[in-house]
Number of protein chains: 2
Amino acid sequence: MSNQPSSDVSNPLLQLENQLCFPLYALSRMITKAYQPLLQELDLTYPQYLVFLLLWEHQELTVKELGEKLLLDSGTLTPLLKRLEQKQWISRRRDPRDERSVIIGLLPAGRELQARACQIPEEIFAKLNMPQADFEALRRQLNALLTQLA
Amino acid sequence: MSNQPSSDVSNPLLQLENQLCFPLYALSRMITKAYQPLLQELDLTYPQYLVFLLLWEHQELTVKELGEKLLLDSGTLTPLLKRLEQKQWISRRRDPRDERSVIIGLLPAGRELQARACQIPEEIFAKLNMPQADFEALRRQLNALLTQLA
DNA sequence: CTTAATTTAGTTGCACACAATTAAACATTA
DNA sequence: TAATGTTTAATTGTGTGCAACTAAATTAAG
């Protein structure tokens with residue numbers, strides 16, 4: 001006759017509250033949503049922004065390399081990259097030394113996006129409203145878990 | 001003349017490595033992928049599993065309540081719930097006291113899924129291969145950040 | 001050199017996510 | 001109570017994610 005959540009077969013391990021997966025899933029989406037208004041001004045989606053972070057740093061990467069770094073496969077990347085190609089922000093060409101590979105490069109308009117994006121990290125950090133130390137600690141912890149699992 | 005990543009305009013704040021968002025995004029997808037083979041045996045997707053976690057605990061919830069708890073809107077939930085209704089796992093009916101609301105309830109087949117799901121949390125925990133204390137600490141930290149931002 | 005295996009992108013199909021809009025039911029207020 | 005505003009789902013359209021499959025190029029084995 002207890003005043004339980006209303007089920008007598010309630011398994012604490014099966015409660016949303018006690019999952020690790022859910023806050024990861026929800027936080028990931030919330031942070032993506034925090035980026036959205038900033039990225040909208042650049043006409044970029046969040047995964048497209050991640051691709052550009054890599055291209056701004058490396059100039060050229062194959063689809064395979066992008067997939068390894070972002071943990072995304074060609075089923076996701078190919079249509080995404082084709083949309084960026086249509087906007088003339090990136091180039092796609094076969095590697096002449098290995099025709100299986102497609103090399104993604106920055107076009108001038110894509111390179112110029114960097115200047116407009118460079119304030120985004122600070123603006124996001126301000127939105128999060130977290131102490132810098134907590135931010136760094138969490139980032140390192142999540143990165144460690146990520147490389148351990150990948 | 002330094003041996004930089006190959007760009008002279010490289011902004012550390014714009015490197016994938018230094019983002020908090022990326023490990024969250026990638027970890028979330030990796031954990032979803034870890035659930036996939038277990039959920040496949042129940043013919044469930046990961047977001048559908050989250051809906052059932054709530055329904056097993058609360059028996060009945062409106063679409064609005066599900067959306068508040070999962071941070072999802074009706075554009076995501078309505079088609080997802082209709083698929084579960086087609087499988088005869090849940091019921092969807094208007095609240096007679098407020099015809100705007102749709103009440104989602106468990107049907108017998110949906111309730112019986114719980115017995116088959118109850119080993120999943122342990123199996124996932126084993127896959128993660130993390131000390132229990134780390135798991136709990138991370139879960140609490142992410143939940144705190146989530147409620148702070150939401 | 002030829003066959004078999006592997007690697008790499010692309011394609012297809014399905015299920016989210018979410019912004020934007022619509023429509024019905026309910027609440028408020030003049 | 002009539003007009004206005006709010007709440008709640010549903011709908012539409014776009015863009016991921018990802019499993020499964022295909023096809024072309026390369027490599028390895030015999």
Side-chain angles (χ1 to χ4, degrees), chain A residues 21-22 24-51 61-68 70-87 90 92-104, chain B residues 21-22 24-51 61-68 70-87 90 92-104:
Chain A
C21 60
F22 174 66
L24 263 173
Y25 162 77
L27 260 181
S28 173
R29 286 184 296 109
M30 283 193 59
I31 298 220
T32 300
K33 233 180 279 190
Y35 276 90
Q36 203 273 335
L38 308 179
L39 293 176
Q40 190 167 27
E41 295 179 34
L42 308 191
D43 195 18
L44 276 178
T45 66
Y46 178 71
Q48 289 168 4
Y49 171 68
L50 296 182
V51 167
L61 289 168
T62 64
V63 172
K64 177 183 162 64
E65 289 168 329
L66 283 170
E68 284 170 351
L70 297 174
L71 305 179
L72 291 172
D73 75 358
S74 66
T76 301
L77 287 174
T78 296
L80 183 157
L81 294 169
K82 282 185 174 177
R83 280 188 281 272
L84 298 180
E85 185 187 31
Q86 277 188 339
K87 296 186 181 181
I90 65 165
R92 296 166 68 246
R93 60 191 168 85
R94 294 279 166 181
D95 183 342
R97 292 177 310 171
D98 184 343
E99 292 279 346
R100 290 173 304 182
S101 297
V102 169
I103 298 173
I104 306 299
Chain B
C21 60
F22 174 66
L24 264 173
Y25 162 78
L27 260 180
S28 172
R29 287 184 295 110
M30 283 192 60
I31 298 221
T32 301
K33 233 179 280 188
Y35 275 90
Q36 203 272 335
L38 308 179
L39 294 177
Q40 191 168 26
E41 294 178 33
L42 308 190
D43 197 17
L44 276 178
T45 66
Y46 177 71
Q48 289 169 3
Y49 172 68
L50 297 181
V51 167
L61 289 168
T62 64
V63 172
K64 177 183 160 65
E65 290 167 329
L66 283 171
E68 285 171 352
L70 297 174
L71 306 179
L72 292 172
D73 73 0
S74 66
T76 301
L77 287 174
T78 297
L80 183 157
L81 295 169
K82 283 184 174 176
R83 280 186 282 271
L84 298 179
E85 185 188 31
Q86 277 188 339
K87 295 186 180 181
I90 66 165
R92 294 167 69 245
R93 60 191 169 83
R94 293 279 166 183
D95 183 342
R97 293 176 309 171
D98 184 343
E99 293 278 346
R100 290 172 302 181
S101 296
V102 169
I103 298 175
I104 305 300

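Letters A, B, ... are given to chains in the order of the sequence lines, protein chains preceding strands, and every chain is numbered from 1.
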Measure from the side-chain N and O atoms of B:Arg92 to the backbone N and O of B:Ile103, and report whether any donor-acceptor pair falls under 3.5 Å. no
So, for A:Leu61 and A:Glu65, which heavy atoms are closest and what is the spacing to 0.1 Å? CA-OE1, 3.3 Å
Side chain of A:Ser28, backbone of A:Leu24: donor and acceptor closer than 3.5 Å? no
Select one nucleotide: of D:dG17, C:dA9, C:dA15, the one nearest the side-chain heavy atoms of A:Thr62. C:dA9
So, for A:Gln48 and A:Asp43, which heavy atoms are closest and what is the spacing to 0.1 Å? OE1-O, 4.1 Å
Minimum-distance nucleotide (side-chain atoms of B:Asp98 versus C:dA25, D:dC18, C:dA9): C:dA25
Closest approach of A:Tyr35 and A:Tyr46, non-hydrogen atoms and distance? CD1-CE1, 3.9 Å
Output the residues of residues 29-37 of chain B in contact with DNA chain D, where contact means a heavy atom of the residue under 4.0 Å from an atom of the strand; sort by number or write none. B:Arg29, B:Lys33
How close or far is atom P of C:dT12 from atom CG of A:Leu77, stated in whole angstroms? 18 Å
Is any side-chain heavy atom of B:Leu50 less than 4.5 Å from a side-chain heavy atom of A:Tyr25? yes
Is the shortest side-chain N/O distance from A:Tyr25 to OP1 or OP2 of C:dC16 below 4.0 Å? no
Whole angstrom is fine here: how far is it from CD in B:Gln40 over to P in D:dA19? 9 Å
Does some side-chain heavy atom of A:Thr45 sit less than 4.5 Å from a side-chain heavy atom of A:Arg83? no
A:Arg29 side chain to B:Leu71 backbone, donor-acceptor under 3.5 Å: yes
Compare the minimum distances between each of D:dG15, C:dG10, C:dA15 and the side chain of A:Gln48, then state the nucleotide with the smallest one. D:dG15
Here the distance between atom C1' of C:dC14 and atom CG of B:Leu44, to the nearest Å, is 15 Å
Give every pair of a protein N or O atom and an N or O atom of nucleotides 3-5 of chain D that lie under 3.5 Å apart, one pair per line with the distance.
none

Calculate the interatomic distance between A:Leu50 atom CG and D:dG15 atom P; express it in whole Å. 17 Å
Out of C:dT8, C:dC26, D:dA10, whichever nucleotide has its closest atom nearest the side chain of B:Arg94: D:dA10
Do B:Leu81 and B:Leu66 have side chains that approach each other closer than 4.5 Å (heavy atoms only, starting at C-beta)? yes
Roughly, in whole Å, what's the span from CG in B:Leu81 to P in C:dA15? 14 Å
So, OP1 or OP2 of D:dA9: does either fall under 4.0 Å of a side-chain N or O from B:Arg93? no
Anything under 3.5 Å between a protein N or O and an N or O of nucleotides 11-13 of chain D, put it in a table, one pair a line.
| unit_1 | atom_1 | unit_2 | atom_2 | d |
| --- | --- | --- | --- | --- |
| D:dT11 | OP2 | B:Lys82 | NZ | 2.6 |

Side chains of B:Pro47 and B:Thr76 in contact at under 4.5 Å (non-hydrogen atoms): no
I need the CG-P distance between B:Asp43 and C:dC14, as an integer number of Å. 14 Å
Separation of D:dT27 atom P from A:Arg97 atom CZ, nearest Å, is 11 Å
Hey, which sits more toward the 5' end of DNA chain C by its nearest nucleotide, A:Glu68 or B:Pro96? A:Glu68
Which part of the nucleic acid, if any, lies within contact of B:Leu80, taking any heavy atom under 4.0 Å across all strands shown: a base, the sugar-phosphate backbone alone, or nothing? sugar-phosphate
For the residue pair A:Leu77 and A:Leu72, what are the closest heavy atoms and their distance? CD1-O, 3.9 Å
Roughly how far, to the nearest 0.5 Å, is the OG1 atom of A:Thr62 from the CZ atom of A:Arg100? 11.0 Å
Calculate the interatomic distance between B:Leu71 atom CG and C:dC16 atom P; express it in whole Å. 17 Å
